[in-house]
A.B. asks: 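I'd like to ask you about the structure that follows.
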Amino acid sequence: KKENGSKVIIIGDPDAYVFGPFEYELVYRVSHPFLFHKTEDELYWNITGTDWESAIPQVTATIHVPNVKKEAFAVDCYTGKYGSGAKDCSHNTQNGKVIISAQDFLTVSVSFPKGVIAEPNFVQRMGKFVFDNWYYYVFLILCVGYTLHTILAWHRNGRDEKGKGVVIPRYTPPKGLSPIACGALLDGKIHSRDFAAMIVLLAVKGYMQIREEKETVFGVISKKYYSFQLVKKLPKNAPEEEKKVFDAIFNSATSRLAITVTLDSRKTCITSSFRKIRDIVFTKLVVGGYFATHPIKTKNRFFGVGFLAIILSVYLPQFLNSQFGVFHGAYFIFGCMFVAGSVGIGFSHFMTKRTRKGMLVKEHVEGFKLFLETADKHRLAWQEKEHIFEKYLPYAMAFGVVEKWASVFKDLNKEESLWYTSADQLSLAAMVSSMPDFLSTIDKISISRSSGFSGSGRGGGGFSGGGRGGGGGGTW
């Protein structure tokens with residue numbers, strides 16, 4: 001049977017006792033046991049192995065090398081545990097053979113003149129090298145192939161097509177794109193702030209009212225929390241992402257008008273709907289021709305394969321070593337697969353390709369973001385527009401520039417908002433200052449989502465357990 005990369009031969013019966021001397025004969029054939037040097041050839045062989053459970057009282061090895069005179073032999077032997085340089089052994093050379101004896105584990109080195117053993121030619125040596133090291137080539141091809149595939153996939157799916165290359169202020173968002181879609185088009189991601197922007201968008205449209213409330217204990221404010229009151233239900237033709245956000249806050253099938261729910265009570269629904277909303281938005285952007293492929297699915301595919309390669313880089317060498325004894329290739333396999341997996345994971349973050357249409361609209365979105373960031377420079381372009389603050393506030397939230405957008409309105413007198421109320425006297429400045437806290441609250445909710453060393457045994461350079469051969473054993 002196979003065990004830890006070694007072939008285990010079981011002799012005898014655990015229920016039968018053998019008395020007195022008993023002889024077992026094992027006959028086996030080994031390929032390529034010799035080392036070929038410039039002036040001589042060598043058999044460097046671990047006779048007994050060093051993995052025995054008990055000591056070996058007597059070992060005798062006879063090495064037959066026909067047609068070699070006794071004075072032509074050069075013999076060394078080593079005893080003891082693995083790595084020992086002890087030579088507590090004796091040898092006797094005769095014409096055509098060498099007899100070596102020890103009372104311990106035994107490794108021998110027997111050198112003899114060249115020409116006795118036919119030396120392999122170049123093709124045979126290369127064939128042996130490839131056969132002995134097959135795992136290097138297999139894993140090198142796999143790792144290099146996967147790495148090249150990843151780079152080529154990035155070249156196809158990770159580089160945006162060209163737009164105009166010019167960003168100028170735009171005073172309106174792209175037609176037909178919600179704040180969450182604009183945010184996704186900008187950086188290829190859906191953030192918790194995008195979800196919060198959609199909640200504010202629904203409130204601004206009059207479907208709900210956001211309430212900032214405070215809980216008091218003995219007249220002292222203990223904490224601030226948010227609740228939502230249903231004002232009216234969404235129409236059937238509302239965008240799909242708006243429906244999903246609305247359902248995460250209210251159950252559209254059962255909720256009645258004027259019902260109020262707290263943000264804390266909807267944590268589970270918000271968390272579970274976040275991924276669905278993300279998939280809806282990116283699917284619409286792909287179908288609309290803005291992205292060449294679904295960014296999240298493409299990223300997850302490459303990230304998953306890369307992560308699997310890194311996991312296998314740890315466990316696969318152990319398995320191969322236990323089954324085939326490829327111990328010396330374990331570090332190579334680990335390094336090869338770890339590097340390939342890391343490349344896959346690294347490139348997975350850049351597998352977002354916008355089409356030319358997507359790039360043109362992205363430049364429009366960037367221009368609109370620029371307008372929201374620098375609105376005071378364009379006061380004449382927007383100051384006469386009614387409810388401009390609320391209308392573009394969800395976009396400012398999705399772009400992460402809500403404070404800059406709101407700062408333009410801080411000194412303006414504004415009538416009380418119907419979509420956002422507070423227990424305190426609510427001014428525009430107070431509403432704006434509460435937005436980061438609202439974003440932070442949404443963010444917290446969304447996130448809770450073997451052959452041995454060969455060498456040579458000549459000239460005292462060997463050791464016990466060195467060379468080919470080896471093994472060990474034990475008793476019942």
Side-chain angles (χ1 to χ4, degrees), residues 1-8 31-32 49-51 82 126-159 187-190 271-272 274-276 278-279 282-283 286 291-353 447-455 465 468-472:
K1 66 179 182 179
K2 279 278 189 179
E3 188 175 291
N4 295 326
S6 299
K7 181 177 289 187
V8 179
S31 60
H32 309 293
T50 55
D51 296 330
Y82 181 86
M126 288 302 298
K128 177 183 181 301
F129 180 82
V130 171
F131 181 80
D132 290 345
N133 300 279
W134 60 269
Y135 44 88
Y136 286 101
Y137 299 101
V138 170
F139 282 96
L140 183 62
I141 291 172
L142 289 175
C143 293
V144 171
Y146 173 71
T147 301
L148 290 176
H149 168 72
T150 301
I151 295 174
L152 290 174
W154 167 79
H155 191 271
R156 293 192 306 269
N157 302 318
R159 300 193 307 165
D187 60 7
K189 300 176 183 178
I190 301 290
T271 303
S272 62
F274 191 84
R275 182 174 295 179
K276 297 177 183 177
R278 181 181 64 184
D279 186 61
F282 280 118
T283 299
V286 172
F291 284 107
T293 60
H294 194 299
I296 301 301
K297 291 181 179 179
T298 305
K299 171 187 174 181
N300 289 345
R301 184 168 66 251
F302 280 90
F303 184 93
V305 174
F307 184 75
L308 178 62
I310 290 178
I311 295 297
L312 289 176
S313 74
V314 176
Y315 292 102
L316 190 59
Q318 299 178 30
F319 171 77
L320 292 176
N321 186 42
S322 66
Q323 296 298 315
F324 305 105
V326 293
F327 175 78
H328 292 295
Y331 292 111
F332 172 81
I333 294 172
F334 167 78
C336 177
M337 296 188 68
F338 187 88
V339 170
S342 299
V343 170
I345 290 177
F347 273 92
S348 71
H349 296 285
F350 304 98
M351 293 295 179
T352 302
K353 180 179 181 178
I447 289 177
S448 33
R449 39 172 188 111
S450 160
S451 63
F453 170 76
S454 292
R468 301 287 303 277

A.B. asks: Atom NE2 of His294 and atom CG of Asp279: how far apart are they, to the nearest 0.5 Å?
C.D. replies: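 That separation rounds to 4.0 Å.
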
A.B. asks: Does anything in residues 334-352 form a side-chain hydrogen bond (donor to acceptor under 3.5 Å, both in side chains)? List the pairs, not counting sequence neighbours.
C.D. replies: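 Every candidate side-chain hydrogen bond (donor to acceptor under 3.5 Å, both in side chains) pair involving residues 334-352 fails, so no pair, neighbours aside, qualifies.
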
A.B. asks: Identify, with sequence neighbours excluded, every residue that meets side chain to side chain contact (heavy atoms under 4.5 Å, CB included) alongside Lys189.
C.D. replies: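 Lys189: side chain to side chain contact (heavy atoms under 4.5 Å, CB included) contacts with Asp187, His191.
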
A.B. asks: For Pro295 and Gly188, which heavy atoms make the closest approach, and how far apart are they?
C.D. replies: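 So the minimum-distance heavy-atom pair works out to CB-O, 4.3 Å.
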
A.B. asks: Using ring centroids (six-membered ring only for Trp), state whether Phe332 and Phe139 fall under 6.0 Å.
C.D. replies: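 Between Phe139 and Phe332, the centre distance exceeds or equals 6.0 Å.
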
A.B. asks: Measure the CD1-CZ distance between Ile190 and Phe274 for me, rounded to the nearest 0.5 Å.
C.D. replies: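 Reported value, rounded in 0.5 Å steps: 7.0 Å.
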
A.B. asks: Using the side-chain hydrogen bond (donor to acceptor under 3.5 Å, both in side chains) criterion, which residues pair with Thr293? Sequence neighbours excluded.
C.D. replies: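 For Thr293 the side-chain hydrogen bond (donor to acceptor under 3.5 Å, both in side chains) partners, ignoring immediate neighbours, are Thr298.
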
A.B. asks: Please tabulate, one pair per line, all N/O donor-acceptor pairs under 3.5 Å involving side-chain atoms of residues 300-316, not counting sequence neighbours.
C.D. replies:
from: Asn300; atom 1: ND2; to: Ile296; atom 2: O; distance (Å): 3.4
from: Ser313; atom 1: OG; to: Ile310; atom 2: O; distance (Å): 2.5

A.B. asks: Mind listing the side-chain donor-acceptor pairs of residues 143-158 below 3.5 Å, one per line with the distance, residues two or more places apart or on another chain?
C.D. replies:
from: Thr147; atom 1: OG1; to: Cys143; atom 2: O; distance (Å): 2.8
from: Thr150; atom 1: OG1; to: Tyr146; atom 2: O; distance (Å): 2.9
from: His155; atom 1: NE2; to: Arg159; atom 2: NH2; distance (Å): 2.7

A.B. asks: Applying ring pair (Phe, Tyr, Trp, His ring centres under 6.0 Å), can you list everything that pairs with Phe350, at least two apart in sequence or on another chain?
C.D. replies: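 Phe350 satisfies ring pair (Phe, Tyr, Trp, His ring centres under 6.0 Å) with no residue once adjacent residues are dropped.
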
